[in-house]
Student: 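Pasting in a structure now, in structure tokens, and then I'll have a few things to ask.
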Amino acid sequence: MNTQFWLTQVFNGISYGALLFLVGSGLSLIFGVMRIVNLAHGSYFLLGGYVALSVIWTTGSWALAIPVAALAVAVVGLLMERVFLRPLGFDPLRQVLLTVGFAFLFQQAALDIWGGDNMDIIPPAKLTQTAVVGGLYLPGYRIFMISFAAVIGVALWLVMEKTRMGAAVRATVDDAQMARGVGIDTSRISMLIFALGACLAALGGVIGGAFLGVYPGLDFQILPIAFAVVIIGGMGSLGGAASAAMLPEISYFTLYAPMALILAVKPTGLFGRE
């Protein structure tokens, strides 16, 4: 095993981390702003992939599939938050029971509509080419995954740190009661954040569909990894989600051992706040 091998492994780990960032950042925002234990978050990832497949089969356009899947799943998340989760209040047990029930419903619906076969989302031919950089052969699609996640991450950071809406979100994360006291509509913020979280998970499902495939059960495989990213990075922290997503996927030990250690030493996560 030479330097070239390890550089290739690092690149592969970063590309997978880019995918985890898309899923984990949405879940982190939902956790941080709304304190909702959303066990249906993996279902948004799965539905994003299936909706993208349907768009591609209908129109033949992979580029169109990305925004359509993101918007469709965002609407599903918004309706789920407004109609079902909002009336429950902040009881964690009720949230868990409701969201895990939705996770099974979404999985069964996907199985009934799209079947149980493993399907791949085929990207455009230009993204399947290989780039040679310093003697390393880097798959073009993995480069796209990293670039796409970076663009999304920068856009989220700009919105959260440089806009009035972002300031309202940060205030809601820090102290929702105080935010309501100064006139911030925390209910509206929560609705938008839940829809955004679902949208990010759907984007992960579309991008990851060419990487992992799309099949029933993928939602429950990606969900615990997304939760680990959130717990390690800290609730509501995009920087924390990005950092935790870069953990190498050598084995489950490398993912969950840091999570257990961080929970013992710093329960709020690396970048989370009380």
Side-chain angles (χ1 to χ4, degrees), residues 19-55 65-92 94-110 113-114 149 152 155-156 159-160 165-166 168-169 172-173 176 185-209 214 216 218-227 229-230 235-236 238 241:
L19 178 62
L20 292 184
F21 168 73
L22 291 174
V23 185
S25 59
L27 185 58
S28 178
L29 288 173
I30 291 174
F31 252 153
V33 175
M34 306 176 66
R35 301 297 192 266
I36 287 180
V37 184
N38 183 22
L39 296 183
H41 196 74
S43 300
Y44 301 150
F45 181 90
L46 181 66
L47 290 176
Y50 276 127
V51 172
L53 280 171
S54 297
V55 173
I66 296 176
V68 170
L71 181 60
V73 177
V75 171
V76 171
L78 188 149
L79 292 175
M80 183 174 163
E81 191 273 339
R82 286 287 97 176
V83 178
F84 297 99
L85 285 168
R86 175 61 47 179
L88 286 182
F90 298 97
D91 186 340
R94 292 182 179 182
Q95 292 173 1
V96 168
L97 291 174
L98 179 67
T99 56
V100 77
F102 267 106
F104 284 114
L105 286 174
F106 288 143
Q107 186 182 83
Q108 186 60 48
I113 296 171
W114 290 283
I152 295 295
L156 287 173
V159 170
M160 293 299 173
M165 175 62 72
V169 171
T172 304
V173 171
D185 188 347
T186 57
S187 176
R188 183 184 177 195
I189 293 293
S190 297
M191 177 184 68
L192 293 176
I193 288 299
F194 201 95
L196 176 61
C199 174
L200 290 171
L203 287 174
V206 179
I207 303 304
V214 183
L218 178 62
D219 46 351
F220 285 107
Q221 290 182 15
I222 203 72
L223 182 64
I225 302 176
F227 269 103
V229 168
V230 173
M235 294 192 302
L238 292 174

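For clarity, every value in this text was computed on a predicted model and none was experimentally measured.
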Student: Which pairs of donor and acceptor atoms, one on a side chain in residues 42-51, lie under 3.5 Å apart (sequence neighbours left out)?
Tutor:
none

Student: Is any side-chain heavy atom of Ile36 closer than 4.5 Å to one of Phe194?
Tutor: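 They are in contact (side-chain heavy atoms under 4.5 Å apart), so the answer is yes.
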
Student: Are any of the side-chain heavy atoms of Ile152 and Leu200 separated by less than 4.5 Å?
Tutor: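 Yes, at least one pair of side-chain atoms sits under 4.5 Å.
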
Student: Please find the pair of heavy atoms, one from Ile189 and one from Ala168, that lie closest to each other, and give the distance.
Tutor: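 Scanning both residues, the minimum pair turns out to be CD1-CB, 3.9 Å.
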
Student: To the nearest 0.5 Å, how far apart are CZ in Arg188 and CD1 in Ile193?
Tutor: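 Reported to 0.5 Å precision, the distance equals 12.0 Å.
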
Student: Are Gln95 and Leu39 packed together at the side-chain level, in the sense that at least one heavy-atom pair is separated by less than 4.5 angstrom?
Tutor: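 They are not in side-chain contact.
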
Student: What's the shortest heavy-atom distance between Ala149 and Phe21, and which atoms?
Tutor: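 That closest heavy-atom pairing would be O-CE2, 3.8 Å.
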
Student: In chain order, what residues pass the salt bridge (Lys or Arg N to Asp or Glu O under 4.0 Å) check against Arg82, with sequence neighbours excluded?
Tutor: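 Here no residue qualifies.
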
Student: Taking C-beta and beyond as the side chain, do Met80 and Asn38 meet within less than 4.5 Å on heavy atoms?
Tutor: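 Yes, close enough: below the 4.5 Å cut-off.
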
Student: Report the distance from atom CG of Leu192 to atom CG of Leu29, rounding to the nearest 0.5 Å.
Tutor: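 Answer rounded to 0.5 Å: 12.0 Å.
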
Student: Of all the heavy-atom pairs spanning Glu81 and Ser190, show the shortest one and how long it is.
Tutor: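 Heavy atoms only, the tightest pair is OE2-CB, 4.4 Å.
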
Student: Ile225 pairs by side-chain contact (heavy atoms from CB on, under 4.5 Å) with which of Val23, Leu19, Leu20?
Tutor: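 Only one option passes, and that is Leu20.
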
Student: Say you draw a straight line from CD1 of Ile222 to NE2 of His41; how long is it, rounded to the nearest 0.5 Å?
Tutor: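 So the CD1 of Ile222 and the NE2 of His41 are separated by 9.5 Å.
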
Student: With a 3.5 Å cut-off and sequence neighbours excluded, list the donor-acceptor pairs that the side chains of residues 70-79 form with protein atoms.
Tutor:
none

Student: Any idea how Phe102 and Phe84 line up, ring-wise: parallel (<30°), tilted (30 to 60°), or perpendicular (>60°)?
Tutor: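 Ring orientation of Phe102 relative to Phe84: perpendicular.
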
